[in-house]
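Numbers restart at 1 for each chain; the letters A, B, ... are given by sequence-line order, proteins then strands.
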Protein chains: 2
Amino acid sequence: MGVLIIETLGDRTLRFSELRNGVEGISHKMLTQNLRMPERSGLVEREGHPTVPPRVEYTLTEPGWALRATVDGVCDWTHRYLGRIESPRRRLDA
Amino acid sequence: MGVLIIETLGDRTLRFSELRNGVEGISHKMLTQNLRMPERSGLVEREGHPTVPPRVEYTLTEPGWALRATVDGVCDWTHRYLGRIESPRRRLDA
DNA sequence: CTGTATCCGGTTTGATACTG
DNA sequence: CAGTATCAAACCGGATACAG
């Protein structure tokens, strides 16, 4: 799930709410939580603007970019093989 | 966690109990469970020998191999960047 | 040896309400 | 808008017992 954030954030700097829309389906709380960890790990940079209303922007750092690159590798794999994979979510087959 | 299985199984065909030792720390139940999914997805092939005692061997399929390759990419990332990352497990810093 | 079923405690999550 | 706190529900993994 944190991976989706990395992916989404990869394109460009995003605000909290933009990120929230981008990741789609993630709850308010989960987004906050899943941002703290990569933030502390130096994968994501958080920049808060003390304006009214508040604006907080999140950006991928260099290690974050590198991680995204590897994650893209997994995505590529998915694209190549997903067709051949019977989804486990499908109802139990006969 | 299923990833560790893919990694371990990558080297060669393994029996259930061998896999259990290889993944180390995984419980009986988890191994069974985490084998079913990639098995149904066609990442792992299960071959049971109707002997006494039973012997079941698990092998990585071609899609499984490809996945393992991408996972290795993530491992590489870890090796390169782990040093720069303050572990979130560290006690809260001042 | 390999595998399934059950119970049970800990973690995680979404909903909601509230703050600056 | 961005974030924290709280609470109940859902989920998950380990332990255990049992079966083929």
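Atom C1' of nucleotide D:dA15 and atom CG of B:Leu31 are separated by 16 Å, given to the nearest angstrom. Rounded to whole angstrom, the span from the CE atom of A:Met1 across to the P atom of C:dT11 amounts to 20 Å. A:Met30 places its CE atom 12 Å from the P atom of D:dT4, with the value rounded to the nearest Å. Rounded to whole angstrom, the span from the CG atom of A:Asn34 across to the P atom of D:dT4 amounts to 13 Å. Rounded to an integer number of Å, the gap from CG of A:Leu35 to P of D:dG3 is 8 Å. Residue B:Gln33 contributes atom CD, which lies 18 Å from atom P of C:dT2 at whole-angstrom precision. In this structure, CD1 of A:Ile26 is placed 14 Å from C1' of D:dG3, rounded to the nearest angstrom. Regarding B:Leu19, its CG atom lies at a distance of 14 Å from the C1' atom of C:dG3, rounded to whole Å.
Between the side chains of A:Tyr81 and B:Glu62, at least one donor N or O sits under 3.5 Å from an acceptor N or O.
The backbone N or O of A:Pro63 lies less than 3.5 Å from a partner atom in the side chain of B:Trp77, making a donor-acceptor pair. When atom types are taken as modelled, the side chain of A:Thr61 and the backbone of A:Gly42 share a donor-acceptor pair closer than 3.5 angstrom. At distances below 3.5 Å, not a single donor-acceptor pair connects side-chain atoms of B:Gln33 with backbone N or O atoms of B:Met30. With hydrogens and angles disregarded, no donor-acceptor distance shorter than 3.5 Å links the side chain of B:Ser41 to the backbone of B:Leu43.
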Atom pairs under 3.5 Å: protein N/O with N/O of nucleotides 4-7 of chain C:
residue: C:dT4; atom: OP2; partner: B:Arg36; partner atom: NH2; Å: 3.2

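When each of B:Val3, B:Ile26, B:Val23 is tested with B:Thr8 by the rule side-chain contact (heavy atoms from CB on, under 4.5 Å), just one qualifies, namely B:Val23.
The shortest distance between the side-chain N/O atoms of A:Arg15 and the OP1/OP2 oxygens of D:dA2 is below 4.0 Å.
If you check residues 44-58 of chain B against DNA chain D, the residues with a heavy atom closer than 4.0 Å are B:Pro54, listed by number.
Taking the charged nitrogens against the carboxylate oxygens, A:Arg55 and A:Glu57 do have a contact shorter than 4.0 Å, which makes a salt bridge.
The shortest side-chain heavy-atom distance between B:Asn34 and B:Leu4 does not fall under the 4.5 Å cut-off. Inter-residue side-chain proximity for A:Glu7 and A:Asp72 is flagged as met; some heavy-atom pair is nearer than 4.5 Å.
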